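Here is the naming used below: chain letters follow the sequence lines, and residue numbers restart at 1 for every chain. Treat the numbers as computed from the prediction; the structure is a model and nothing was measured.
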2 protein chains.
Amino acid sequence: MQRKLVFTLLVLSLISAVGCNRKPNLDEARTAIRTADAEWSRAAVANDVDGFMTFVSSKGSMLPPNQPAITGTSAIREWVSAMMSSPGFSISWRSATVEVAESGEMGYTTGSYDLRMQGPDGATISERGKYVTIWEKESDDRWRAVVDTFNSDVPPPAASAPGDTLDPMAK
Amino acid sequence: MQRKLVFTLLVLSLISAVGCNRKPNLDEARTAIRTADAEWSRAAVANDVDGFMTFVSSKGSMLPPNQPAITGTSAIREWVSAMMSSPGFSISWRSATVEVAESGEMGYTTGSYDLRMQGPDGATISERGKYVTIWEKESDDRWRAVVDTFNSDVPPPAASAPGDTLDPMAK
């Protein structure tokens, strides 16, 4: 009778132990995401398309302003290659917020970017803006961007008329 | 001796059961996020500022294009109120992707929005774009937006010169 009880409890303990994932270390996860975000920016600064792409998930989407979403690594690679080879182009960014889900496999960063590119008249256009990246820890334990989107902090140079921005308080 | 073993196993079972959260129902969580996103859009369509704000976390940030981030419910309320009371303004959106972390307390939606507002000449400006919202399930079990950002799918009307968009392939 008591032997049966011991056996039952032993089985229950095992089931609990197996069914229950170990709690992920969220500080470690946040550090890993912050590091991935910083290394991703360094690859962008270096105009390193291959390096850039190592941080993009195979199911990744980029959502840049003033054009439709770009989905899939081959379309993203094409877009990034074209951008990095355009004259005067440079971009860097820095995370401000890094958050991670309690399960430790999904997280996000927000931060600000600095972009330079050559305008139509050859002069350098500088733009500061903000971004949101959603990260997932993939099966090889590396964090990659599944969604990345950004937009400018300032109205476009040509659009200084009221009504051209989404800020009605600016009128 | 065996009684001691039974007691030990009983304690171990209880520790496992308490230390181990029940696995959240992720289908339910995705449905809840999708529903919150749709109800949030309906509040926006109805120009219902109070209704809109019930979907914004107290630690929420809105990251609209062409202006700095707006952080905190009072600043977000002021921004939304001004936008909803501006002539000819209307917005609605529809989620396309709904994802949730395995822990069931963080998730995100992406989708497309339709925006109308009155331009400087009184004519209606229509804009289609995309958005990303990061959701958290808060202590009252309601999902609220902690980060919301969006941008247009098309170049701004006044900025048709090459170099004004971030798409070098459009040149």
Side-chain angles (χ1 to χ4, degrees), chain A residues 2-3 5-6 9-10 12-13 16-17 19-20 61 63-69 78-79 82-83 85-86 89 99 101-108 110 115 117-120 125 130 132 134 146-147 149-159 161-171, chain B residues 2-3 5-6 9-10 12-13 16-17 19-20 23 61 63-69 78-79 82-83 85-86 89 99 101-106 108 110 115 117-120 125 130 132 134 146-147 149-159 161-171:
Chain A
Q2 237 186 10
R3 195 166 284 182
L5 186 59
V6 168
L9 285 172
L10 193 60
L12 279 176
S13 291
S16 292
C20 174
S61 280
L63 281 61
N66 303 124
Q67 60 183 294
E78 197 187 346
W79 176 70
M83 201 152 60
S85 61
S86 67
F89 175 84
E99 296 292 346
E102 283 163 26
S103 42
E105 95 293 8
M106 179 191 283
Y108 65 90
T110 71
L115 169 76
M117 56 197 311
Q118 218 171 74
I125 298 174
K130 51 208 170 303
V132 178
I134 298 169
V146 287
V147 178
T149 187
F150 55 98
N151 61 39
S152 176
D153 280 355
V154 293
D164 281 353
T165 86
L166 281 165
D167 183 8
M169 292 192 288
K171 284 184 191 174
Chain B
Q2 237 188 7
R3 193 165 287 182
L5 185 59
V6 168
L9 284 172
L10 194 62
L12 280 176
S13 292
S16 292
C20 173
K23 248 196 165 138
S61 280
L63 280 61
N66 304 124
Q67 59 183 294
E78 197 185 348
W79 176 72
M83 202 153 59
S85 61
S86 67
F89 174 85
E99 296 292 346
E102 283 163 26
S103 42
E105 97 293 9
M106 180 191 283
Y108 65 89
T110 70
L115 169 76
M117 56 195 313
Q118 218 172 76
I125 298 174
K130 50 209 170 303
V132 178
I134 298 169
V146 288
V147 178
T149 187
F150 54 98
N151 61 39
S152 176
D153 279 356
V154 293
D164 280 354
T165 86
L166 282 165
D167 184 7
M169 292 191 289
K171 282 181 194 174

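Here the side chains of B/Met106 and A/Glu102 are not in contact, with every heavy-atom distance at 4.5 Å or above. You'll find the side chain of B/Thr149 stays beyond 4.5 Å of the side chain of A/Phe150, heavy atoms only. Contact annotation: the side chain of B/Asn66 approaches that of A/Pro156 to within less than 4.5 Å [non-hydrogen atoms, C-beta and beyond].
The part of A/Ile134 that comes within reach of chain B is its side chain, from C-beta onward, which places non-hydrogen atoms under 4.5 angstrom from that chain. Interface residue A/Val147: only side-chain heavy atoms are found under 4.5 Å from chain B.
When atom types are taken as modelled, the side chain of A/Asn151 and the backbone of B/Leu63 share a donor-acceptor pair closer than 3.5 angstrom. Formation of a donor-acceptor pair under 3.5 Å by the A/Lys130 side chain with backbone atoms of B/Pro65 is not found in this model.
Here OG of A/Ser152 is found 10.0 Å from CD of B/Gln67. Values are rounded to the nearest 0.5 Å.
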